[in-house]
Amino acid sequence: MQTPPSSDAATAPSAPRKVSFVSLGCPKALVDSERIVTRLRAEGYELTRTHAGADLVLVNTCGFLDSAKAESLAAIGEALAENGKVVVTGCMGAEPEAITEKFPNVLAVTGPQQYESVMEAVHRAVPPPHDPFLDLVPPQGVKLTPRHYAYLKISEGCNNRCTFCIIPKLRGDLVSRPAADVLREAEKLVAAGVKELLIISQDTSAYGVDLKYAASVWRDREVRAKFLDLAAALGELGAWVRLHYVYPYPHVDEVIPLMAEGRVLPYLDIPFQHGVPSVLTRMRRPAAQEKTLQRIARWREMCPELTLRSTFIVGFPGETEEEFSALLDWLDEASLDRVGCFKYEPVKGAPANDLGDAVPEDVKEERWHRFMQRQQTISARRLKRKIGTRQQVIIDEASPGFAKGRSKADAPEIDGVVRITSRRPLRVGELATVKIDRAGAYDLHGTAVGF
Ligand code: SF4
């Protein structure tokens, strides 16, 4: 880094402007936040942890469910009360009136991925500090996740029209990044110490459809913008590669051999949402008619180590007791490892609201409990099979004698953890071999036996 000549008043750096940043919502929103933070840091803004004393508060909102909207509005209200200068961005920015009606004092509201507009709003409120000699941003950008893992967004938007979802309205149709672009970002992340890449998008297995799978040049060769080709190329980088938001389209079968060969993690996050064709059709889910149970069985034959995580919705409009019990049977047969479940919540603007036949709240509640109970037994049984095995674990937290990490079967923030006792102190981001001693309902416990 160069040092500015101290006598030159014209180029003397001014005091850094401070921005307090609130990031709400899903990993996709987190990636947007990282981009905004990277831009802020590149322009010399400083980030602070508290609203008080900041020159501006930037709130990246989530507008998916009504509960998420309420959380976003509460965060905006808090920022206004504690600071007064607030810019709002993110999914809720697609409906600015919902914010400005309640908070007419916000300085600006911009929509999802409108990086330029967010930065313009920031510049208007707090002009950037002038310091031509400083380059504050490392080449891989600024990550909000710990240094050893990072989310990598491969596309934006979605071509599906699931009836409960307004994401395509908020974010538009699928727009994929060229493969070389994704791979270059992945390379930079790995060079900066990232050990695990979490691949995200709205519909990962549809990657490249909009580009007609066009190839781009990376490391002197052509890589097609195709789910399989991108996964294989990412697998060359020497980091763990974890695939999220994959739909069970037939071509997903092709990546299972990469998992069996250890090139990408044997882990698939597939938001099934339901298991019964009649409900999936009402949800207008992609791959609603696929024979998913057969497909899962085949994947497990090809890659016995495969971990499957999913999310479900119970109490979708019109869901009968018969359909719900069929879902429980489906769950038994699918024997998934990790599962989240939501009670159906109507989202303003979603076509499912017009289906009628709403399931009463107490029935939703009762179904949610039955679902969770059934799955808990399945998850516990799947975890128990690991007792006595040795698992490679990436360390997320470490203190003398004890550490917390995740095996290849555990994604950060959504899955369980491995609690480790170790004679030698472990370091955050390191990979350790852990012998599994016991299993709880969600987590594993073990002893470090190799480093
Ligand atoms: S696949 Fe369905 S639920 Fe997912 S973003 Fe697209 S429309 Fe929404």
Side-chain angles (χ1 to χ4, degrees), residues 24-32 60-69 90-95 111-113 151-177 198-211 227 242-252 255 268-290 292 295 308-319 327 336 339-355 411 414:
L24 300 168
C26 62
K28 285 155 270 194
L30 184 69
V31 172
D32 291 343
N60 189 11
T61 57
C62 172
F64 186 42
L65 291 175
D66 287 349
S67 48
K69 282 185 190 162
C91 284
M92 265 197 93
E95 295 172 81
Q113 278 110 53
Y151 293 97
L152 182 61
K153 199 189 245 185
I154 60 170
S155 62
E156 188 50 71
C158 182
N159 287 347
N160 299 311
R161 294 294 181 265
C162 303
T163 51
F164 54 82
C165 178
I166 53 165
I167 283 179
K169 264 192 212 162
L170 295 175
R171 304 201 157 209
D173 281 340
L174 180 80
V175 179
S176 305
R177 296 172 65 189
L198 303 141
I199 310 306
I200 57 165
S201 69
Q202 254 84 40
D203 181 358
T204 297
S205 29
Y207 171 69
V209 171
D210 55 309
L211 298 176
F227 180 53
R242 195 181 291 285
L243 302 173
H244 287 280
Y245 311 112
V246 176
Y247 291 90
Y249 302 126
H251 70 271
V252 172
V255 297
L268 273 179
D269 174 7
I270 305 186
F272 287 117
Q273 310 299 16
H274 214 280
V276 178
S278 51
V279 182
L280 288 168
T281 304
R282 287 204 296 282
M283 289 178 165
R284 230 188 288 145
R285 290 293 286 166
Q289 300 310 325
E290 301 296 335
T292 312
R295 174 152 282 131
L308 288 171
R309 129 161 292 274
S310 190
T311 47
F312 290 82
I313 298 173
V314 294
F316 187 75
E319 185 189 58
L327 170 63
L336 305 175
V339 168
C341 178
F342 301 93
K343 287 168 262 181
Y344 174 75
E345 219 183 278
V347 175
K348 197 168 152 232
N353 301 340
D354 305 329
L355 290 174
I414 48 175

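Positions are given from 1, in the same order as the sequence printed here. Nothing here was measured: the structure is a model prediction, and the numbers come from that model. Every number for a ligand or one of its atoms is a count from 1 in the order of the listing.
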**Q.** Heavy atom of the protein closest to atom 3 (S) of ligand 1 (residue, atom name, distance)
**A.** R285 NH1, 3.5 Å
Q: Please determine, by modelled atom types, if N60 and D32 share a side-chain donor-acceptor pair under 3.5 angstrom.
A: no
Q.
Test of understanding: with side chain to side chain contact (heavy atoms under 4.5 Å, CB included), list the residues that count as partners of T204, not counting sequence neighbours.
A. I154, I199, S201, F227, Y245, V246
Q) When you check the gap from the basic side-chain N to the acidic O, do D210 and R177 get nearer than 4.0 Å? A) no
Q) Starting from atom 1 (S) of ligand 1, which protein heavy atom do you reach first, and at what distance in Å? A) Y247 OH, 3.2 Å
Q. Should E95 and K348 count as an ion pair when the cut-off is N to O under 4.0 Å?
A. yes
**Q.** Residues forming a side chain to side chain contact (heavy atoms under 4.5 Å, CB included) with C62, sequence neighbours excluded
**A.** F64, A68, S72
Q: Kindly assign one of parallel, tilted or perpendicular to the pair Y249 and Y247, based on the angle between their ring planes and the thresholds 30° and 60°.
A: tilted
Q. For atom 8 (Fe) of ligand 1, how many protein N, O or S atoms come closer than 2.8 Å?
A. 1
(Q) List the residues meeting ring pair (Phe, Tyr, Trp, His ring centres under 6.0 Å) with Y344, not counting sequence neighbours, and say none if there are none. (A) F316
